[in-house]
Amino acid sequence: MVKAVIGEETQLKLAEARLEQSSSTPAQVGLVIGKLSSTLDRGFVFDLVPTPPNDAGAPPCSLVEPDKRKGPKPKSQSSDSHSLSIDKDWVAEHARQVSRMLVGGMKVVGIYIWISDNAFKNSNIVLCQTVMGVAKAAPLSESDWDERLLIHICYSPRRWTCRNCMVTSNITSSSLRPCDFKMGRVLTSLQRFRCMYNFDIRLPISHKNSSNVQTMNEALRHEISIHAKYLKSAKAMLDGNLVVHNDLCTSDGLHEVELLLPFVEDTEVCSQKDALGVLAFSGSVCSFAYLNIREPVSQAVADIKDDIITSLQSRLDIICDEADGETGPIDTGIQKARDDADSQEVGDGISSGIPVSQIVLQSLRFVMLI
């Protein structure tokens with residue numbers, strides 16, 4: 001459990017200045033980029049990323065007045081009764097997209113909110129729901145943490161507070177727990193690790209009448225999950241020396257990490273007469289990880305492994321998103337041409353090459369490089 005949180009003072013002061021410039025905006029929501037350390041029971045905040053307007057141009061959050069049907073409020077309470085409305089799905093999608101771009105050890109660890117103190121108190125439930133949506137969209141690891149951070153920046157009076165938000169239980173009054181928060185030097189004390197990882201994932205493409213018909217997305221995602229299990233068990237070398245679990249790294253500079261994968265047999269069995277071709281998903285991933293000087297090197301290795309798998313999955317998501325985006329509504333003429341092409345393919349075994357939104361391995365022959 002995170003007992004204290006340290007924020008990078010330089011970046012957070014810049015974020016505060018940005019919020020002051022938009023003082024006409026009564027509320028703002030965004031993502032907290034940082035790291036939660038189970039070894040140190042601490043959280044580290046590196047930066048704040050504001051959530052942009054949605055596709056319709058509407059802000060992701062706004063203040064709403066109380067329901068007037070419940071009766072008028074006394075004048076003394078009129079300014080205290082506003083609550084927060086958040087586009088929770090949009091904030092979660094923002095978290096999903098941002099998490100794809102972060103390096104090893106840097107994660108979306110929660111949300112921040114720029115709002116008055118009274119409006120914050122009136123919005124605990126919607127804030128917890130937003131944090132839970134972000135946690136589902138951007139998980140930290142396979143053995144996921146059951147908490148995230150909620151940073152409240154109050155503009156009157158100016159004050160920063162941080163709370164733990166439990167994300168595995170039903171939302172109750174105890175879902176938000178205060179924790180110590182202070183600013184200091186965080187980024188300059190991090191150690192840097194780099195790993196150049198080459199991968200070559202191959203799987204057979206079966207005929208259409210095969211019993212294991214899969215789309216490209218399904219087949220590759222399954223292979224990546226298998227590859228991840230082997231990668232998790234890989235030994236690591238740091239600057240030429242084998243990494244031991246509790247080793248600490250005290251030297252400065254960029255440290256090179258090399259992963260030693262175990263020898264495994266190919267588990268994909270397919271006879272030659274059933275195989276139409278081979279799908280190759282190959283390339284290189286340059287992975288970086290950043291570690292607090294008090295954390296063991298094994299944590300940096302775990303962050304690098306997680307970053308490699310996340311990079312492979314994210315790249316596959318991008319490829320599939322682009323394939324979906326390139327295909328639009330099909331008119332009658334195009335559909336007829338596609339039917340004719342399919343008929344020709346059945347006759348001569350040659351793929352038409354026409355793009356489809358769900359790429360089926362049995363109908364296309366290709367090699368994919370990233």
Side-chain (S123) to main-chain (V126) donor-acceptor, under 3.5 angstrom: no
Nearest-0.5 Å distance, CG of residue L238 to OG of residue S298: 11.0 Å
Under 3.5 Å: donor-acceptor pair, side chain of N122, backbone of A119: no
Whether over 12 other heavy atoms sit under 6.0 Å from R185 CZ: no
V134 vs V91 side-chain heavy atoms within contact, under 4.5 Å: yes
Cluster link F193 to I293, ILVMFWY, side chain under 4.5 Å: no
Distance-only polar pair, side chains of Q299 and T39, donor-acceptor under 3.5 Å: no
Approximate separation, where rounding is to 0.5 Å, of L150 CG and I113 CD1: 8.0 Å
Nearest-0.5 Å distance, CG of residue D200 to NE2 of residue H227: 9.5 Å
Residues that Y155 engages under side chain to side chain donor-acceptor pair (under 3.5 Å), provided they are two or more places apart: none
Non-hydrogen side-chain atoms of R163 and L149 separated by less than 4.5 Å: no
NZ/NE/NH1/NH2 to OD/OE distance under 4.0 Å, D306 and K107: yes
Which residues share a side chain to side chain donor-acceptor pair (under 3.5 Å) with N164, sequence neighbours left out: E147
Within-4.5 Å side-chain heavy-atom neighbours: I308 and F199: no
Main-chain N/O of L291 paired with K35 side-chain donor or acceptor, under 3.5 Å: no
Lys/Arg-Asp/Glu bridge criterion (N-O < 4.0 Å) met for D317, R100: yes
Main-chain N/O of H94 paired to Q97 side chain as donor or acceptor, under 3.5 Å: no
Between SG on residue C179 and CZ on residue R42, distance to nearest 0.5 Å: 12.0 Å
Nearest-0.5 Å distance, OH of residue Y112 to CD1 of residue I33: 10.5 Å
Nearest-0.5 Å distance, CE of residue M106 to CE of residue M101: 13.5 Å
Any side-chain heavy-atom pair of F44 and L36 under 4.5 Å: no
Validation row: L259, K305 side chains within 4.5 angstrom (heavy atoms): yes
Ion pair check, E93 and K88, cut-off under 4.0 Å: no
Heavy-atom donor-acceptor pair, D239 side chain to E256 backbone, under 3.5 Å: yes
Q28 side chain to W114 backbone, donor-acceptor under 3.5 Å: no
